[in-house]
Number of protein chains: 2
Amino acid sequence: MADTSTVQTITAVERTAEVLKAFARADTQTLGVTEVAQELGISKAVVHRILNSLRATGFIEFDSASRRYLLGPTALDVGLAFLRHVDVRDLARPVLKELSQQTDETATLSIRSDWQRIYIDQVTPERELKMTVALGRSFPLYAGSSSKALLAFLPQHEIDEYLERTELRPLTDRTITDVDLLHSELVEVRARGYATSLGERQSGAGSVAAPILDHTGHPVASMSLCGPVERFRDEVDRAAELITERTGRLSRQIGYLPEQS
Amino acid sequence: MADTSTVQTITAVERTAEVLKAFARADTQTLGVTEVAQELGISKAVVHRILNSLRATGFIEFDSASRRYLLGPTALDVGLAFLRHVDVRDLARPVLKELSQQTDETATLSIRSDWQRIYIDQVTPERELKMTVALGRSFPLYAGSSSKALLAFLPQHEIDEYLERTELRPLTDRTITDVDLLHSELVEVRARGYATSLGERQSGAGSVAAPILDHTGHPVASMSLCGPVERFRDEVDRAAELITERTGRLSRQIGYLPEQS
DNA sequence: ACCGCTGTTCCGTTGAGCGGAACAACTCGC
DNA sequence: GCGAGTTGTTCCGCTCAACGGAACAGCGGT
């Protein structure tokens, strides 16, 4: 009974939803009754009644000059309520568990806070030798895969600003301290969609991370898989594949629309 | 026949809209069937069917763990379509960025919708203590600088009508609740071209706003700069100067011709 | 094992919504 | 200015889809 097709629905409601979606799809601001009716294969009379019902509730407005209909502010209110209620952490939790289980390594979630990164969640595997990160601690944005995944997807000018005024202090002997090198590393991260690190932030730790992007394309969080570098080195490719698949889905869930090629 | 009450509507559609609004209002992410049914005074069975219809179309999702419902990404899609079609927004975006950068405070853009005001865009500065507004939410037209900037530039008879039938409920202890006082405040706003507020709508927030006028002289939007009242108090004059310069230019861009003296 | 709470389904009744068609209002071309 | 061809809007009788009370099921607490 979790199946969508078996539960009772109301056709009028589904039609209403389709009408709203038609407005969302349209590249013109206004739509006419017949236009909508034809696209959805419903009678004009019905579309007319639906539009007027939506008008009464603010979802649709009416332009009396052209006698055509357009989306109203209530639509925005509801849409943004969706965003308001999305807690990346809650959303990501089950994914972290799944990733950790599938790879038998630690899965983490980080967010950016000002110009630092902090871990806000992690799931560790049941094995003796495993990675554990410090939740709540601040780390720089230039070292480690989670950090680079966040940094690489910021607008270019913000990256430039950040790197201009930030001193790249080495945290380990593998930390990238050359600005030009880091710049081209970030370009690569953006191109392939994920970042890797072998001991850049923490000696002996390897990781792969990808960003979760919101509806504006901004990175709101980054998710990583990490473990002891000796065994993790061989897992990088598989981890990258798994993690980008999940972060991609999460991004779409919070409204990110991948640009069509 | 422009009257909303006389045209035919479909109750199921209006109920659907009310259900979605209930989710927008809620401060919890998920809502249960009974919860919604009680709030709207509809039977549980109907709410259940509506929710499942919306589920089939992506507006609503179902959390099988808690057996409760939440807004889905389609809601966001439709909401953002509304924004996509507001062309003032595109025009104003770079200006907001510039203003925010120049002042290191938050720049916002609002439009009027019926007799309310809603924020449709904002750009925030990179600093710890800053103002952030809720996009999509409705606010009254009588409190706060953005609202007063819109209201003051409406035709006088519309202002009068509005103030006659509107109760000036205080949002903070600084809200203007005296009609005569508000009337003379609006005259002043119109005279100098911008509105200010120190905590009228939101305690602890200060702001300056000016309207963007179209070719008929109607205010289509208002732009504001806002921040914590303690530091903003000293920035008011400079902010007013900056903002009126920009809104003036934007108004001319969309066809407004300043009356020649 | 109880209770009280959810969400979910059943089912017979009925009136709300359907849609074809008529009407009205507007635009365009000649 | 006057049809022809668009729109949006309303009418109205028929029908069947939605209503809602009530029964059912599946939790979670004590």
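Proteins come first, then strands; the chains are lettered A, B, ... in the order of their sequence lines, and each starts at number 1.
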Completion exercise
Rounded to the nearest 0.5 angstrom, the CD-CG distance for A:E105 and A:L129 is 8.5 Å
Completion exercise
Rounded to the nearest 0.5 angstrom, the CG-CE distance for B:D121 and B:M223 is 9.0 Å
Fill in the blank from the handout: Interatomic distance, CZ@A:R89 vs CD1@A:I120, rounded to 0.5 Å, equals 6.5 Å
Problem - Atom-to-atom span, CZ of B:F62 to P of C:dT6 - whole angstrom - result: 15 Å
Completion exercise
Separation of C:dT8 atom P from B:L51 atom CG, nearest Å, is 9 Å
Handout entry: Value in whole Å for how far the P atom of D:dC19 lies from CD1 of B:I50
Key = 7 Å
Practice task
For D:dT7, take OP1 and OP2 only and decide whether either is under 4.0 Å from a side-chain N or O of A:Y69.
Solution key: no
Completion exercise
Across all chains, not counting sequence neighbours, the ring-ring contact (aromatic ring centres under 6.0 Å, His included) partners of A:F153 are none
Practice task
Decide if atom CZ of B:R169 counts as having more than 12 heavy atoms of other residues, nucleotides or ligands within a radius under 6.0 Å.
Solution key: no
Exercise for the section: Identify whether the distance between the nearest side-chain nitrogen and carboxylate oxygen of A:R15 and A:E18 falls below 4.0 Å. Expected result: no
Exercise for the section: Say whether A:Q116 and A:R137, considering side chains only, have a donor N or O and an acceptor N or O under 3.5 Å apart. Expected result: no
Practice task
May I ask you to check whether A:Y119 and A:F139 place their ring centers less than 6.0 Å from one another?
Solution key: yes
Using a cutoff of under 3.5 Å, can you pull out all pairs of nitrogen or oxygen atoms linking the protein to nucleotides 12-17 of chain D, with atom names and distances?
none

Practice task
Whole angstrom is fine here: how far is it from CG in B:D63 over to P in C:dT8?
Solution key: 11 Å
Practice task
Rounded to the nearest angstrom, tell me the gap between atom CG in B:N52 and atom C1' in D:dA18.
Solution key: 15 Å
Practice task
Name all residues meeting the side chain to side chain donor-acceptor pair (under 3.5 Å) criterion together with A:D90; count only those two or more places apart in sequence or in a different chain, and write none if there are none.
Solution key: none
Exercise for the section: Pull out every residue in residues 30-45 of chain A that has a heavy atom closer than 4.0 Å to any atom of DNA chain C, ordered by number, or say none. Expected result: A:S43, A:A45
Practice task
Only stems of 3 or more consecutive Watson-Crick or G-U pairs count here, both distances under 3.5 Å; name the ones for DNA chain D, or none.
Solution key: C:3-29 with D:2-28
Handout entry: Distance below 4.0 Å between A:R15 side-chain N/O and C:dG19 OP1 or OP2
Key = yes
Fill in the blank from the handout: For B:D214, the side chain to side chain donor-acceptor pair (under 3.5 Å) test, sequence neighbours excluded, returns B:T216
Practice task
Can you label the angle between the A:Y69 ring and the A:H48 ring as parallel, tilted or perpendicular, going by 30° and 60°?
Solution key: perpendicular
Fill in the blank from the handout: Nearest-nucleotide check on DNA chain D, B:R67 vs A:H48; residue mapping nearer the 5' end is A:H48
